[in-house]
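Letters go in sequence order (proteins before strands), and every chain restarts at 1.
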Amino acid sequence: MNTSAGIVLAGGRSSRMGTAKAALEWHGSTLLRHVTGVVGRAVEGPVIVVRALGQELPELEPRVLLCDDLVEGRGPMQGLAVGLAAAAEHCETAFVCSTDLPFLHAAFVQAVLRGFEPDSKTPELGVSPDVVLPFVRGYRQPMAAGYRTNLVPQINKLLEAQRLRPAHLFEECNVRQLDDAALLSDARLASVDPDLDSVFNVNEPDEYRAARSRPAPEVVVERYGVLATSGGGRGLRTIRAANIASAAEQVGLTFDGHIVAALNGDQIRGDGQVPLMPGDIVSFISADAGG
Amino acid sequence: MSIMGAQPGGYFGKALVVDVTDGSTTTVPLPADVLRRYLGGAGLGVWLMNELGPTGVEPLAPDAPLAFVFSPLVGTPLTTSAKFAVVAKSPLTGLLTDALASSHFAIAGKFTGHDAIVLTGRADGPANLLIDEEGVQLVDATEQWGMSASDAEESIRERYGRNWRAASIGPAGERLVRYATISHDGRHAGRGGLGAVMGAKNIKALAVKGRRRVSIADPEAVLAAAKDLRGRSFGPATKKYRELGTLSNLLAFNAISTLPTRNFQAATFAEAPLLSAEELSESRSMAKNSCASCTIGCEHIYATKGGTKVRVEYENVFALGPMCGVSDPDHVLEASARCDALGLDTISAGGTIAWAMECVERGLLDAPWLQFGDGTALLRVLEEIGSRRGVGALLAQGSRRASEVVGQGSSAFAPHVKGMEMPGYEPRTMQSMALGLAVNARGADHNRSGAYEADLKEGLDRVRGTAEHVRAAIETEDRAAIMDSLILCKFLRGVFTEPFEEWAALLSKVTGWDVDGVELRETARRIVHAKRAFNLREGWTPADDWLPERFLDNPLELASGRIATLPAERLRAMIDTYYSERGLDSEGRPILLQTASGTESKV
């Protein structure tokens, strides 16, 4: 995990989809809640959602920060500037993505953010790229990329000059591009998202339907203590579940306030809506562990 | 409901002080305002230490007081209320220690007509102290000397009558092992070497018998509250304790890299499943037991292959198992049984032995047989500690003193704070707990801090300590201060949704005071400060609020691949925040005031 913020750009007209992408149903939740949850699992800093002024959003985790983009019609660069300005109070770097990435994986976010670390293989880039830009299957992915938060003045100048495409920014700053091979050199990412589905976005209803028809991610669940011995059963179980509450239900547990989940032996979560991703190991333990 | 000026319900308003040199007694009045400000148990205990303990007294000197402190809820039908605190200056830390135990001793002791019984002096030879409503007797204990605590207890009851209840030391206490326990009915007031304090007074056992009932302000309301609390004690918040006991922590902690292993060289133990509650409960016969007045029944008693029956808790299995690298459950259970019989604190024993094993591994200690993972060596070294033979003479001092003797950098990995060995919570991966361990008055302690609760909930990143972690640790420390003073068992903590308000309501019904949650929060802070003030008087310095170097230099990798580190600067910042939030000065000193209740710190 990196000390970075996560920024999800929720504005945009969703004109091809015909309905707001943020509110699209996603395994009992919404696409925006899912994506913010994934990003939240990957970053240590805040998760910030940038919305258009007056835009209604589905329910989000209480800890998600909301920012209003007051200027219409300038596209993602405007949202990027607003989000990075908000994130600058907390972090030097941020992972920025759009709402429409249903298969975004935390391992992808982390692999991108690791791109800000000094790299002895590309000394020409110096020690501090301004942007870490995935270049997947031959396409740049500016809406699933890492940005330094101090780029805000530069982006604002571009906006004032009506240079509204991310490519204009890339021309003016230090970009570390990560192609498929570079991304998949991260063993964790190669294991859990070998096809780099993280950058698959849904723009049309058919794309959404196809994405939604995929089964929930495969995860491994283990129960501990009385959660295992009181009829639950011991040992590992492989199931498909989109979030923690669903995983609990499938192994006979009610994810109430008396149970928490440790994800991959790391973060402790008590919110059943927290999304799961392929390769996750979910450990259910008593909420009053200790003592 | 206030009855200002009258004796509050739940109290007798006095402490009995017995000089065991000759059996003489004095009575110390406990004014209502003192009781209201310190409640009972650990809180009243620290007030007694501040009042009765000579400044700078050696913990094992005759003048050092040893207090058995009851509380206002003892003797009521409230579940888990039959508990007592034992409080003294610790021979392990040189600072305050207060340990709790439970069951009939608490009720019989209070019903002698006292809110506390304090021992001072030193008997000429081995003696038992018998106290009932009629008075005090010092009787010869030659017959019991050398016995385990439980055998001594049984011997006393056989000789003087079954209605006597005794708290006794084992051979380790007689031999002044600095982490010897005092035990009653198989439960130990375990931490800080209270057994050595009692042994230094030549007292094998304190036996009590009493039927003097204490008045209750509103008996019907207390009964109704007791029924309600009893019902809640059967709910999901206590299920873990009822069905598997605290040992169910073991595998969960292993899964999240918080299980100290091989003297904190790792935070996971590959063989942990062999020692788990899940495994033991399936593979062995198990009996359950409860303390007096308890509806939870957390005690889980397993048998070894040899037939030894052992009360199993997370802490004793962690300390004698993974901490020492021992994975054979029979060895771990036998070791735990030996600690019980000798009267040794399992956490300090395991921590000190694990440190010694690492010294051997590094070639710093000439005891080549004492290897990580060797259960036979574990059993052998426990006997040596209990009898102070061989390497046991060194290890009976605890890891801090032993590392000062061995030197060669071994202090850096001696697993203690203030001299008290660390419980089974890895501080690098539980950083609220790291703060709690560093600043707690008793030393490395999980019961007076309880900050692990914050680390095991959603909301804080447990491996990146911040000011929020500090505030969470303060909250759990305040809650513990009240639970340990009322006294209620912490295994009940999950049933309270508004704990301070609910505890205040219980206290009001018993005492007649119009106490509320706000007042109890202030009381909590007062008790925490009073402990710190006592320590300051006895030589505490700011350097005592710190963690061993090991935790500050060595990163740990979580299963996720994330690296957990606890940089010294972060720990420093958390401690400074703690001082600030607690209203202490920049070096952690309380501001002392003279009040009607004595010298107190400004809250």
Nearest 0.5 Å please: distance from the CD1 atom of A:Ile285 over to the CG atom of B:Leu251.
11.0 Å
Residues A:Gly265 and B:Ala559: closest non-hydrogen pair is CA-CB, 4.2 Å
Dump the intermediate steps for side chain to side chain contact (heavy atoms under 4.5 Å, CB included) on B:Arg562 and A:Gln110, then the final yes or no.
CA-CA 11 Å; B:Arg562 190 153 66 122; A:Gln110 289 167 342; over 6 Å; no
Determine, step by step, whether A:Glu44 and B:Asp461 satisfy the side chain to side chain contact (heavy atoms under 4.5 Å, CB included) criterion, reporting the C-alpha distance in whole Å, the side-chain angles of both residues, the deciding distance to 0.1 Å, and the verdict.
CA-CA 8 Å; A:Glu44 283 188 346; B:Asp461 183 348; 3.6 Å; yes
Check whether any side-chain heavy atom of A:Tyr224 lies under 4.5 Å from a side-chain heavy atom of B:Asn254, and answer yes or no.
no
In terms of heavy-atom pairs under 4.5 Å with chain B, the winner among A:Asp256, A:Val260, A:Leu263, A:Ile268 is A:Ile268
Test item: B:Lys240 side-chain N/O and A:Asp288 main-chain N/O as donor-acceptor pair under 3.5 Å
yes
Within a 6.0 Å radius of atom CD on A:Glu61, are there more than 12 heavy atoms belonging to other residues, nucleotides or ligands?
yes
Relative to chain A, which of B:Ala237, B:Ser257, B:Gly424 shows the most heavy atom pairs under 4.5 Å?
B:Ala237
Relative to chain B, which segment of A:Asp271 carries a heavy atom at a distance below 4.5 Å: side chain, backbone, both, or neither?
both
Which residue pairs pass the salt bridge (Lys or Arg N to Asp or Glu O under 4.0 Å) test with at least one member in residues 275-285 of chain B, sequence neighbours excluded?
A:Arg234-B:Glu279, A:Arg234-B:Glu282, B:Arg284-B:Asp330
What are the two closest non-hydrogen atoms of B:Ser248 and A:Gly225, and how far apart are they?
CB-CA, 3.9 Å
Near B:Glu243 CD, under 6.0 Å, is it more than 12 heavy atoms from other residues, nucleotides or ligands?
yes
When you compare the side chain of B:Ile256 with that of A:Asp266, does any pair of heavy atoms fall below 4.5 Å?
no
Let me know if B:Lys490 has heavy atoms under 4.5 Å from chain A in its side chain, its backbone, both or neither.
neither
Contact origin within A:Arg63 toward chain B - heavy atom pairs under 4.5 Å:
side chain
Could you look at B:Ala277 and say if it's the side chain, the backbone, both or neither that has a heavy atom under 4.5 Å from chain A?
neither
Would you please say whether a donor-acceptor pair under 3.5 Å links the side chains of A:Asn264 and B:Ser560?
no
Should we say atom CD of B:Glu475 is surrounded by more than 12 heavy atoms from elsewhere, each under 6.0 Å from it?
yes
